[in-house]
2 protein chains.
Amino acid sequence: MSTALNERSRKILEAIIEDHIASAEPVGSRAITRRHGLGLSPATVRNVMSDLEEMGYLAAPHTSAGRIPTEKGYRFYIDSLLRIRALSPQQKERIRRYYRRRGLRADELLREAGRVLSNLSHYTGIVMAPQFTTSVFRHIEFVRLSQGRILVIFVAENGLVQNKIIESGEDLNQHDLEQMHNYLNRTYAGLSLAEVKKRLLREMSQDKAQYDRLLGRSMRLFQAALKGEESRELFIEGFSRMLEQPEFSDLERMKRLFKAFEQKSLLVEFLDKCQNSQGVQIFIGSETDYRDIEGCSLITASYSSAGGTIGTLGVIGPTRMAYSQVIPIVDYTAQLMSQLLESDLE
Amino acid sequence: MSTALNERSRKILEAIIEDHIASAEPVGSRAITRRHGLGLSPATVRNVMSDLEEMGYLAAPHTSAGRIPTEKGYRFYIDSLLRIRALSPQQKERIRRYYRRRGLRADELLREAGRVLSNLSHYTGIVMAPQFTTSVFRHIEFVRLSQGRILVIFVAENGLVQNKIIESGEDLNQHDLEQMHNYLNRTYAGLSLAEVKKRLLREMSQDKAQYDRLLGRSMRLFQAALKGEESRELFIEGFSRMLEQPEFSDLERMKRLFKAFEQKSLLVEFLDKCQNSQGVQIFIGSETDYRDIEGCSLITASYSSAGGTIGTLGVIGPTRMAYSQVIPIVDYTAQLMSQLLESDLE
DNA sequence: GTTAGCACTCCCGTGGATTGAGTGCTAATC
DNA sequence: GATTAGCACTCAATCCACGGGAGTGCTAAC
């Protein structure tokens with residue numbers, strides 16, 4: 001009952017977890033000896049399993065069922081047992097092919113990534129789009145919609161487009177608006193939006209007087225367009241895959257999970273917290289600390305552009321997930337998104 | 001056994017359907033006499049029910065259960081028994097209040113409509129966005145993304161924004177692009193996109209030679225931006241409401257339904273066919289001729305702008321739907337969308 | 001330390017038996 | 001002739017007992 005696991009226990013734990021991932025059923029001692037023939041009898045395996053349960057890596061649904069891994073079991077499996085094979089060039093090529101279609105807008109690209117993640121993993125794909133404020137500003141455009149209502153269109157360097165309606169106190173005609181956005185484009189293109197905000201603030205207060213009416217108004221409009229909380233877009237694709245998982249044949253549970261997905265905001269918040277980490281992150285069950293998706297694991301990776309991470313994508317599935325297959329897919333997809341979003345720059 | 005229904009049969013049919021809508025259970029003869037006390041004994045009601053079954057308005061799941069309405073029964077109910085009360089001014093005001101938030105973009109407005117439809121009806125709300133080609137052209141903008149890749153942004157009179165990436169053979173700098181879209185905006189604003197297409201074609205062939213290089217290129221770019229199939233956006237909101245309906249406690253069925261929603265394209269196709277009809281349309285069960293949503297009914301209405309219908313919205317729920325409540329909500333929401341999308345014009 | 005053997009536990013499927021809601025029919029009643 | 005009370009019948013759903021099977025834990029032998 002030493003707390004460290006010896007080679008044999010690890011082998012058995014691994015075998016149990018892998019069998020359970022494949023079958024979704026509790027795994028018994030005989031099944032292990034049959035399928036993994038470690039040169040041990042069922043009785044021996046039973047003793048080891050009993051120890052593993054004692055240590056919290058396994059649990060028994062009831063006396064005469066086999067064992068299923070606990071979250072601690074999965075955690076150990078992922079940290080110590082799992083070896084991830086990098087994708088072969090062929091596999092990478094196969095994934096890349098999904099994105100080959102030309103003329104895909106950035107948002108379409110991200111949604112497509114969600115679909116691909118779902119299809120390849122057989123779970124649900126999630127992609128959080130970049131926060132606009134972290135992007136590099138490329139272009140702004142004002143279009144007068146009606147008395148006092150102006151449509152603002154931003155374009156970021158990575159090709160993401162966002163639009164917004166602002167209400168300006170005074171009515172501005174389209175010609176003035178054009179002059180205004182021309183000025184803004186000349187002045188601020190190439191800066192990050194955060195920087196734009198800062199400069200805007202400085203310039204407006206510092207030398208306010210020096211600017212003529214038009215420029216002052218341009219800046220005020222820009223500022224109005226930039227302010228306000230910004231909800232990040234989240235693409236969730238392939239939820240129906242979840243319906244295929246036996247663990248969600250419980251309707252009540254399904255319903256909760258679905259509502260969580262429909263809500264999105266909590267998931268966005270969570271992914272936002274993941275965003276600053278490098279590489280693939282794995283959250284098993286309650287490790288997400290997010291009750292509605294109980295029984296699920298989350299594999300995420302962030303994608304980046306121009307140095308910083310800008311968004312997060314991943315796969316959400318039951319804790320009993322085929323981690324070894326999903327992890328490299330998520331990893332590579334994140335790399336790919338970084339490349340593809342970058343490629344709009346020359 | 002005459003084929004026409006007398007007053008008494010109609011009353012009983014109505015009572016059965018309304019009870020069934022409320023309870024989702026087969027309705028028995030005693031329940032009718034108890035809850036609707038028509039001054040008849042259960043035995044009499046049984047005789048009538050038997051006739052109604054004979055005529056195809058009711059069906060019995062098995063010998064000793066009550067009766068449930070058939071699609072024919074619902075159809076008769078809707079066509080002949082149901083009287084719809086128009087919404088009271090208070091109810092209308094309550095609905096309008098949902099849209100009072102300012103600065104809502106057209107697409108946000110439509111999605112919000114889906115949510116509101118879902119919340120008020122307790123079923124799933126669907127909103128098909130206007131087809132861009134039928135909109136009135138207000139503004140176009142070209143933004144150079146990279147070597148040969150141009151982002152095109154369209155704005156329609158109703159405030160809808162669409163963007164697209166086109167690949168131009170030659171590399172154009174941003175300054176040229178601006179001149180081009182300025183020209184296009186001056187020339188074509190206010191026309192419907194269909195008309196723009198036509199004029200573009202005519203002008204390009206007729207007096208091709210007369211145009212200078214820039215104008216010719218502008219038109220070619222515009223044309224490139226307009227071509228290609230256009231997938232209509234469809235907002236489906238509140239699917240989780242379906243999970244609450246007892247008829248979908250069958251997992252297999254749920255799954256089919258969900259996949260149908262995830263697919264969207266068939267639903268778009270179907271709604272597209274509804275679009276040219278006036279007023280509220282109701283499709284009961286297999287009347288949609290769309291197998292995946294079997295057991296569901298669809299209540300739709302089209303919203304319009306500048307005379308023509310531009311999109312369709314509605315509610316999808318089980319055939320056992322609270323028609324009398326949902327119909328006026330769908331009707332009024334469609335009217336409201338017409339108004340709200342119009343209000344961008346002065 | 002490992003393993004064979006065995007008693008024990010518990011889930012699950014099967015097959016009556018029972019219950020209850022509801023029907024259809026018949027004969028009596030209005 | 002329409003309506004209704006009464007009654008036999010049907011069928012799904014529920015409960016319960018039972019047996020089989022999978023799996024465990026313990027003990028004693030290797």
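We use all heavy atoms of the structure for the numbers below, so side chains are in, but hydrogens, waters and symmetry mates are not. Letters A, B, ... mirror the listed sequences (proteins, then strands); counts begin at 1.
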Hey, which sits more toward the 5' end of DNA chain C by its nearest nucleotide, B/Gly66 or B/Asn47? B/Gly66

What is the separation between atom CG on A/Asp51 and atom C1' on D/dC26, rounded to the nearest whole Å? 14 Å

In terms of the nearest nucleotide of DNA chain D, which residue is placed more toward the 5' end: B/Leu40 or A/Ala43? B/Leu40

Would you say B/Arg46 places a side-chain N or O within less than 4.0 Å of OP1 or OP2 belonging to C/dC25? no

Any side-chain N or O of B/Thr63 under 4.0 Å from OP1/OP2 of C/dG24? no

Please report, rounded to the nearest Å, how far the P atom of D/dG25 is from the NE2 atom of A/His62. 13 Å

Parallel, tilted or perpendicular: which describes the rings of A/His20 and A/Tyr74, with under 30° parallel and over 60° perpendicular? tilted

Should A/Arg67 be listed as having a side-chain N or O under 4.0 Å from OP1 or OP2 of D/dA22? no

D/dA12, D/dT24, C/dT23: which one has an atom nearest the side-chain heavy atoms of A/Met49? D/dT24

From CD1 of A/Ile68 over to P of D/dG23, roughly how many Å is that when rounded to an integer? 14 Å

I need the CD-P distance between A/Glu25 and C/dC11, as an integer number of Å. 14 Å

May I have the distance from B/Arg34 (atom CZ) to C/dA21 (atom C1'), rounded to whole angstrom? 10 Å

Length of the line joining B/Arg35:CZ and C/dA21:P, which is rounded to integer Å: 13 Å

d(CD1, B/Ile12; C1', D/dT3) in whole Å: 12 Å

Categorize B/Thr44 for me: base, sugar-phosphate, or nothing, with a 4.0 angstrom heavy-atom threshold over every strand shown. base

Per the side chain to side chain contact (heavy atoms under 4.5 Å, CB included) rule, which among A/Ile316, A/Thr288, A/Ile284 passes with A/Cys296? A/Ile316

Should B/Ser64 be listed as having a side-chain N or O under 4.0 Å from OP1 or OP2 of D/dT10? no

Can you tell me the distance, in whole Å, between the CD1 atom of A/Ile32 and the P atom of C/dT2? 17 Å

Salt bridge between A/Lys11 and A/Glu7, side-chain N to carboxylate O under 4.0 Å? yes

Is the distance from OP1 or OP2 of D/dT4 to the nearest side-chain N or O of B/Arg30 less than 4.0 Å? no

For residues B/Thr319 and B/Ser297, is any side-chain donor paired with an opposing acceptor at under 3.5 Å? no

Trace of the ring pair (Phe, Tyr, Trp, His ring centres under 6.0 Å) decision for A/Phe283 with A/Phe270: CA-CA 11 Å; A/Phe283 302 89; A/Phe270 181 77; 4.9 Å; yes

